[in-house]
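Lettering of chains follows the sequences in order, A, B, ..., and the numbering in each one begins at 1.
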There are 2 protein chains.
Amino acid sequence: MSSTAHSSDTGDAGDDSGDGGPTAARLRSLPSRLLSQTAAHADRLVTEGLATADARKWHYAVLVALREQGPASQAGLSRHAGMYRSDLVAVINELADRGHVERTPDPADRRRNVITITPRGRAQLRRLDGLLATIQDQVLAPLAPAEREELVRMLTRLAEHHGAHGRPGADDPMARGS
Amino acid sequence: MSSTAHSSDTGDAGDDSGDGGPTAARLRSLPSRLLSQTAAHADRLVTEGLATADARKWHYAVLVALREQGPASQAGLSRHAGMYRSDLVAVINELADRGHVERTPDPADRRRNVITITPRGRAQLRRLDGLLATIQDQVLAPLAPAEREELVRMLTRLAEHHGAHGRPGADDPMARGS
DNA sequence: CTACAAACGTTAGAGCAACTAACGTTCGGT
DNA sequence: ACCGAACGTTAGTTGCTCTAACGTTTGTAG
């Protein structure tokens with residue numbers, strides 16, 4: 001139950017229950033709140049940035065997955081990207097509309113569609129890579145390079161911890177891999 | 001500025017479906033992605049935890065705001081908590097139903113309602129404080145105390161940076177930090 | 001005093017992301 | 001040949017953010 005200790009920076013007002021209640025400063029720096037806030041901000045930048053290139057987050061995730069594992073079934077992609085296969089349908093539709101992927105029935109297993117990235121898709125992916133890199137810089141702007149590394153390292157640990165303790169149950173998503 | 005360069009390109013290569021792809025690692029550690037992931041996880045824990053006490057995130061935010069600034073109008077609370085006053089209505093309704101706050105018309109300004117925290121509300125708030133503290137420990141479980149401090153410090157900087165660069169426009173929310 | 005702009009509480013609703021449930025089809029194992 | 005499981009897909013629920021408008025009340029300017 002003990003957690004991080006803090007020094008109160010600015011005395012706001014003494015409105016505390018004297019018997020050792022947490023102070024206001026502490027509440028403002030609730031890690032979960034900070035995470036939500038910064039994540040929301042980052043998400044916004046990413047969404048707006050990708051909109052510039054007529055793309056959305058899942059588009060990028062799927063293209064990345066395709067680059068990593070080559071042509072794959074939709075179920076495979078959904079697992080790899082950590083999304084629901086029901087939601088993947090629309091994403092593939094949109095990517096196919098834009099000519100970034102091709103959806104072809106798998107002759108070897110007629111339940112499956114094989115999703116293949118097209119040359120145009122690769123080009124788009126590279127474009128998005130650049131775009132995203134720029135956005136990361138915006139997100140992390142106030143941090144020095146060493147700090148960025150440190151932050152990423154810690155967040156990675158938290159994410160892995162999360163994955164390990166992930167509860168079972170859901171249909172497709174959050175399949176761990178790599 | 002520049003940060004990431006990619007090269008794995010020509011020749012779709014064998015799909016190293018294991019893990020340990022160096023290129024893949026970079027993508028997996030996109031800060032924005034890590035933030036979203038960990039924030040989602042934390043959010044889940046918080047939401048579930050608060051549900052235990054028949055509360056939701058905004059309930060806590062409002063109660064904290066009331067502890068900090070004492071009785072206040074709804075507009076004031078919405079600004080302090082960074083939420084829309086339209087959404088605050090339901091929150092106040094719920095808190096009033098539970099007997100945690102009282103909503104009384106302000107005699108001095110008949111547009112306003114004065115929201116006051118009740119003794120029961122204070123008790124609930126203390127309960128939530130404890131609950132939340134426990135949850136923070138769960139969220140940050142894999143990090144050492146010093147690391148937690150460091151993380152909070154960095155996230156705070158990012159959040160402040162965000163606040164400073166937040167563009168104006170919206171109706172109520174995201175007023176002051178402090 | 002009157003008129004007008006702004007702030008207040010409230011209602012309604014759009015838009016979006018995460019999530020669940022069910023379906024018809026196809027496959028693998030027994 | 002049967003049965004359970006995996007596949008792609010459709011539809012729908014939920015919860016959250018956010019916008020727009022309303023009637024009322026207040027402060028202020030003319």
Side-chain angles (χ1 to χ4, degrees), chain A residues 36-37 39-44 46-48 50-51 56-62 72-96 101-115 166-175, chain B residues 33 36-37 39-41 43-44 46-48 50-51 55-59 61-62 72-96 101-115 166-175:
Chain A
S36 288
Q37 248 177 265
H41 180 219
D43 242 69
R44 210 160 178 150
V46 167
T47 300
E48 288 172 2
L50 289 181
R56 291 186 291 106
K57 278 184 290 173
W58 290 122
H59 292 200
Y60 183 68
V62 165
S73 70
Q74 295 183 196
L77 285 174
S78 78
R79 276 185 292 262
H80 186 93
M83 68 186 299
Y84 291 87
R85 64 188 205 280
S86 50
D87 293 328
L88 181 66
V89 176
V91 172
I92 299 294
N93 286 343
E94 292 160 4
L95 287 174
V101 302
E102 263 182 6
R103 180 200 260 129
T104 46
D106 186 342
D109 183 342
R110 291 211 299 275
R111 293 172 296 181
R112 295 183 176 168
N113 292 333
V114 175
I115 309 300
R167 78 272 106 204
D171 196 0
D172 347 298
M174 309 316 174
Chain B
R33 199 164 170 78
S36 287
Q37 245 177 264
H41 179 220
D43 242 70
R44 208 156 179 155
V46 168
T47 299
E48 288 172 1
L50 290 181
R56 290 186 292 106
K57 278 185 288 173
W58 289 123
H59 292 200
V62 165
S73 70
Q74 294 183 198
L77 285 175
S78 78
R79 277 187 290 263
H80 186 93
M83 68 186 300
Y84 291 88
R85 63 189 206 279
S86 51
D87 293 327
L88 181 66
V89 176
V91 173
I92 298 295
N93 287 341
E94 291 161 5
L95 287 174
V101 302
E102 263 183 6
R103 179 199 262 132
T104 46
D106 186 342
D109 183 342
R110 292 212 300 275
R111 292 173 297 183
R112 295 183 179 169
N113 293 333
V114 176
I115 309 299
R167 46 77 208 312
D171 197 1
D172 348 297
M174 312 314 175

Can you measure A/His80 atom NE2 to D/dC7 atom P for me and round it to whole angstrom units? 16 Å

Least distance between heavy atoms, A/Ser78 atom then A/Leu88 atom: N-CD2, 4.0 Å

Overall bend - the helix from C/dC1-D/dG30 to C/dT30-D/dA1, comparing terminal axes fitted on five pairs, nearest 10 degrees: 10°

Are A/Arg103 and D/dC7 close enough that a side-chain N or O sits under 4.0 Å from OP1 or OP2? no

Above 12 or not: heavy atoms from other molecules or residues under 6.0 Å from CD of B/Glu94? yes

Take atom CG of B/Asp43 and atom C1' of C/dA18, then tell me their distance rounded to the nearest Å. 12 Å

Given atom CG of A/Leu77 and atom C1' of D/dT9, what is their separation to the nearest angstrom? 16 Å

Looking at the side chain of B/Ser86, which of C/dC19, C/dT20, D/dA20 is the nearest nucleotide? D/dA20

Once you round it to whole Å, what is the distance between C1' of C/dT26 and CZ of A/Arg112? 11 Å

Whole angstroms only, please: what is the CG-P distance between A/Leu88 and D/dT9? 9 Å

Against B/Arg103, only a single residue in B/Val114, B/Asn93, B/Leu95 fulfils side chain to side chain contact (heavy atoms under 4.5 Å, CB included); can you say which? B/Asn93

Separation of C/dC16 P from A/His59 NE2 (nearest whole Å): 12 Å

Which residue lies toward the 5' end of DNA chain C, A/Asp106 or A/Arg56, if each is placed at its nearest nucleotide? A/Arg56

Can you see if the side chain of B/Arg111 gets near the phosphate of C/dG9 - specifically, an N or O under 4.0 Å from OP1 or OP2? no

So, is A/Asn113 close to the D/dT9 phosphate, meaning a side-chain N or O under 4.0 Å from OP1 or OP2? yes

Identify, with sequence neighbours excluded, every residue that meets side-chain hydrogen bond (donor to acceptor under 3.5 Å, both in side chains) alongside A/Arg110. none

Within this structure, what is the CZ-to-C1' distance between B/Arg110 and C/dA7, rounded to whole angstrom? 15 Å

Tell whether A/Asp87 reaches the base of C/dC19 with its side chain through a donor-acceptor pair below 3.5 angstrom. yes

OP1 or OP2 of D/dT19 under 4.0 Å from side-chain N/O of B/Arg85: no

What's the spacing between A/Arg111 CZ and A/Asp106 CG if we round to 0.5 Å? 10.0 Å

Under 4.5 Å between any side-chain heavy atoms of A/Val46 and B/Arg33, yes or no? no

Write down the atom of A/Val101, the atom of A/Ile92, and the distance for their closest heavy-atom approach. CG2-O, 4.1 Å

Given C/dC16, is OP1 or OP2 found less than 4.0 Å from the side-chain N or O atoms of A/Trp58? no

Are B/Tyr84 and D/dT17 close enough that a side-chain N or O sits under 4.0 Å from OP1 or OP2? no

Please state how far atom CD1 in A/Ile115 lies from atom P in D/dG8, giving the value in whole angstrom units. 8 Å

Exercise: identify the closest heavy-atom pair between A/Leu50 and A/Arg56: CD1-C, 3.6 Å

Are B/Arg79 and C/dA7 close enough that a side-chain N or O sits under 4.0 Å from OP1 or OP2? no

